[in-house]
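A, B, ... follow the sequence lines: proteins, then strands. Residue 1 opens every chain.
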Amino acid sequence: MSVRVRYAPSPTGLQHIGGVRTALFNYLFARSQGGSFILRIEDTDQERYSEEALQDLYDTLNWFGITWDEGPLVGGDLGPYVQSQRLELYKGYAEELVRKGLAYYCYCTTERLEQVRAQQDKTKSSFKGYDRRCRDLDAPPEDGAAQPVVRLKVPIEGKTSFTDLLMGTITRKNSDVNPDPVLLKSDGYPTYHLANVVDDHLMGITHIMRAQEWIPSGPLHVLLYEAFGWDPPLYCHLPMVMGKDGQKLSKRHGSTAVRDFRTKGYLSEAMINYISLLGWSYDDQREFFTLQELKELFTLEKLNKAPGVFDYKKLEWFNGQYIRKCSDAQLTELLLPFLEEQQVVDNPVTQEQFDILASALPLIKQRLHLLQDVGEMTRFLFQEIPVPPADQLIPKKHTAKDASRVLKRSLELLEDMDQYSVEQLEELFKAESESMGVKLGAMLMPLRVAVTGSRISPPLFESLKLLGLKRTLSRIEAAVRLLDTIEE
RNA sequence: GUCUCCUUCGUCUAGUGGUUAGGACACCGGGUUUUCAUCCCGGCAACAGGGGUUCGACUCCCCUAGGAGAUGCCA
């Protein structure tokens, strides 16, 4: 039987690292097995539903290049793939269980449920959860809620086990299973438990790969399959993604929404690569993988059991690596939106600006870690800069006079810079610094700051060339004027 | 509280009874260099603890400890 797996997110928030990792692993498993990857929208929470979240889901998967064989937008034979469009179905199955005596209507109000919970907390009761008041009712109580919910009759005795490909067999006493969880909510929507079991069965899902936080409800789901008389699929609970403090990764730890990483200038290839290594490995050497390679190499056997800490630093390192792997043309395309967004260049970019960027690319490529850094790094090439403060222009252990002196000399040397190569300019300044009796650095730093506005910049002479004679000289002159106003 | 799962350098991990316990990130040195970055070289650093099993345990079993997750008309 061919493998069928699914990613079934709930559109209640932006796609985050953990969710995407689950999607990726499902996708990779399907592809490596020649199976199908199904996308299903679990929009059964009316309260938290968000249109934006749904759009973000599509955007994110598209950005990563994760395609689905069946699901919203692409269709499929076993749809609809949006749970809010399958309400009648769940209702029917819930009623079937009630008829069979395996589920029951519960008329308890939220208020009562809260009271029960509060009481259990107060008395430190070892029994947590619903007290099963409505389990054996003959008729609806007088003071019951208008709209009942349907609850599963979890057996009091016995135990339930399921097979997890990663964890082995997991067994739980039925008395430890969530006592009679709600299957059908009073608003007519199913809960996750019901919807997921019904849909996975109807959609022919063979393997359920989801995060380990779901392990505790595994037995419950198996109980549901049994109630329906269905065979449960195989389970594979993926290790969780944690933050630095070892807790489940959340906003507290930094960005978790894929969209945030995208706007900061992470490459999808870098993220795929890094995320694929969170809980999975290939061997003890290789750590670079394209999506295409992953689709062939992924195996369940190499999954790790232990939760993994999301390492922002290593992701950033991967990003730098991938930026350097880009061709200049690719990188230009990637960078342009950032420059436009940051108003470093016009929007749309002019031909002249495009050419400058193209020429600057080799200079900035190995300096970029995040695409968004490009603005700060290249702004001086596209726009006029304010005259840098004097203390920036003056090298350590030097005076304003010193700085002015070397800049004036630089001015003379650069008059003919268009006739020299970068190498020749280097030689020129090297020789000059010697004859002036200053260190090369003390000569070039004022120049760098005067022209680029910063002590940190792309290589100096290349930058001057890009900037052009006129702007180079005028920036130096402005710096000199400033320095000459300073009293020693 | 109860239940379940997890445990190799700070982090991600390789390892399936016999290894100087390997790699990567981070960090710290050094080199290249006009700044920054890249790159190169080197270093630091781990089998949670205790019992077994065995000629021999990081590898198998048990216990303890620690961590995490679940315990909702959220998924």
Side-chain angles (χ1 to χ4, degrees), chain A residues 8-10 12-13 19 42-45 47-48 106 108-110 113-114 117 120-121 123-130 145 147-151 164 166-167 170-173 175-179 181-187 189-193 195-196 210-219 237 239-240 242 244 246-248 274 277-287 302 304-318 320 324 363-369 377 426 429-430 433 439-445 447-449 452 454-461:
Chain A
S10 161
T12 53
E42 307 221 328
D43 56 344
T44 55
D45 185 342
E47 302 276 310
R48 299 196 301 151
C106 166
C108 293
T109 60
T110 346
L113 261 22
E114 272 166 22
R117 232 185 318 264
Q120 287 169 350
D121 282 347
T123 61
K124 298 203 166 120
S125 159
S126 63
F127 183 89
K128 291 259 174 164
Y130 183 52
Q147 282 301 324
V149 301
V150 174
R151 286 182 185 275
D164 187 289
L166 236 199
M167 233 66 78
I170 295 177
T171 304
R172 223 177 170 193
K173 289 202 291 273
S175 56
D176 289 328
V177 172
N178 187 352
V182 172
L183 263 24
L184 204 63
K185 305 186 236 183
S186 54
D187 63 2
Y189 279 73
T191 59
Y192 169 79
H193 302 303
N196 126 284
R210 53 162 35 165
Q212 282 174 1
E213 57 189 320
W214 289 107
I215 290 180
S217 37
H237 287 94
M240 310 234 306
M242 314 302 236
K244 256 221 143 41
Q247 313 258 76
K248 201 164 144 183
Y274 176 67
L277 262 14
L278 260 176
W280 180 83
S281 63
Y282 180 66
D283 61 15
D284 62 338
Q285 286 299 318
R286 181 165 174 192
E287 59 178 350
K302 303 295 285 183
N304 211 71
K305 283 188 191 186
V309 174
F310 187 81
D311 187 346
Y312 289 86
K313 279 273 175 55
K314 183 135 190 189
L315 206 214
E316 191 173 309
W317 175 79
F318 264 115
R324 269 160 251 140
L363 307 184
I364 60 174
K365 203 178 207 169
Q366 70 261 59
R367 269 160 255 265
L368 287 172
H369 286 99
M377 204 171 280
E426 274 176 30
F429 275 77
K430 227 171 254 175
S433 73
K439 290 212 171 110
L440 186 58
M443 178 143 193
L444 295 186
M445 189 49 84
L447 181 56
R448 179 187 307 280
V449 175
T452 69
S454 170
R455 305 176 78 96
I456 298 169
S457 83
L460 184 54
F461 296 112

Under a 3.5 Å cut-off for both distances, is B:A37 Watson-Crick or wobble paired, and to whom? none

Rounded distance in Å between the C1' positions of B:U13 and B:U2: 34 Å

C1' gap between B:G1 and B:A57, integer Å: 38 Å

Select one nucleotide: of B:U13, B:A75, B:G22, the one nearest the side-chain heavy atoms of A:E42. B:A75

Rounding to the closest angstrom, what is the interatomic distance between B:U35 and B:C12 at atom C1'? 33 Å

For A:K439, which contact category applies under a 4.0 Å heavy-atom criterion: base, sugar-phosphate, or nothing? nothing

Side-chain heavy-atom pair A:L447, A:F429 within 4.5 angstrom cut-off: yes

Side chain to side chain donor-acceptor pair (under 3.5 Å), paired with A:H237, selected from A:Q212, A:R210, A:K305: A:R210

Parallel, tilted or perpendicular, judged at 30° and 60°: which one describes the rings of A:F310 and A:Y312? perpendicular

Could you check how far NZ of A:K305 sits from P of B:U8, rounded to whole Å? 12 Å

Can you give me the N/O atom pairs linking the protein to nucleotides 64-70 of chain B at distances under 3.5 Å, or say none if there are none?
residue : atom : partner : partner atom : Å
B:A68   : OP1  : A:Q247  : OE1          : 2.6
B:G69   : OP1  : A:K248  : N            : 3.2
B:A70   : OP1  : A:K248  : NZ           : 3.2

Can you find a side chain N or O atom of A:K302 that sits less than 4.0 Å from OP1 or OP2 on B:G15? yes

Under 4.0 Å, heavy atoms only, any strand: does A:G218 hit a base, just the sugar-phosphate, or nothing? nothing

The side chain of A:S10 lies closest to which of these nucleotides: B:C5, B:A75, B:U71? B:A75

Under the side-chain contact (heavy atoms from CB on, under 4.5 Å) test, residues paired with A:M445 that sit two or more places apart: A:R448, A:V449, A:R455

What nucleic acid atoms does A:N304 come within less than 4.0 Å of, heavy atoms only: base, sugar-phosphate, or nothing? sugar-phosphate

If you measure from the C1' atom in B:C27 to the same atom in B:G10, how many Å do you get, rounded? 9 Å

Flag side-chain contact, heavy atom, 4.5 Å: A:E287 against A:F318: yes

Between B:C44 and B:G29, how far apart are the two P atoms, rounded to whole Å? 15 Å

Return a single string for nucleotides 30-44 of chain B, one symbol per nucleotide in 5' to 3' order, where B is base contact, S is sugar-phosphate-only contact and - is none, cutoff 4.0 angstrom on heavy atoms. ----BBBBSS-----

Please examine the side chains of A:L166 and A:P239, heavy atoms only from C-beta on, and report whether any two atoms are closer than 4.5 Å. yes

Can you tell me the distance, in whole Å, between the CG atom of A:D45 and the P atom of B:C74? 6 Å

Determine the interatomic distance between P on B:C47 and the same-named atom on B:U11; round to the nearest Å. 12 Å

Specify the separation, in whole Å, of atom CD of A:E114 and atom P of B:C73. 10 Å

Categorize A:T44 for me: base, sugar-phosphate, or nothing, with a 4.0 angstrom heavy-atom threshold over every strand shown. sugar-phosphate

I'd like to know if A:K314 reaches the base of B:A26 with its side chain such that a donor and an acceptor end up less than 3.5 angstrom apart. no

Gap in Å between the two P atoms, one belonging to B:A48 and one to B:G67, rounded: 16 Å

Would you say that A:S457 contacts A:R367 through its side chain, given a criterion of any heavy-atom pair below 4.5 Å between the two side chains? no

Heavy-atom distance under 4.5 Å between the side chains of A:C108 and A:Y130, does that happen here? yes

Find the distance A:F310:CZ to B:C25:P and express it as a whole number of Å. 17 Å

Of the nucleotides B:U2, B:A24, B:C73, which one has an atom closest to the side chain of A:R151? B:C73

Does A:V182 reach a base, just sugar-phosphate, or nothing at all? Heavy atoms under 4.0 Å. sugar-phosphate

For the C1' atoms, the ones on B:G49 and on B:U8, what distance do you get once it is rounded to whole angstrom? 15 Å

In the structure I gave you, are the side-chain heavy atoms of A:Y192 and A:D45 within less than 4.5 Å of one another anywhere? no

Could you state the CZ-P distance from A:R117 to B:U71, rounded to the nearest angstrom? 10 Å

Rounded interatomic separation in angstrom, taking CG from A:D284 and P from B:C9: 17 Å

Rounded to whole Å, how long is the line connecting atom CZ of A:R210 with atom C1' of B:C5? 14 Å

A:K313 NZ - B:A26 P separation (whole Å): 8 Å

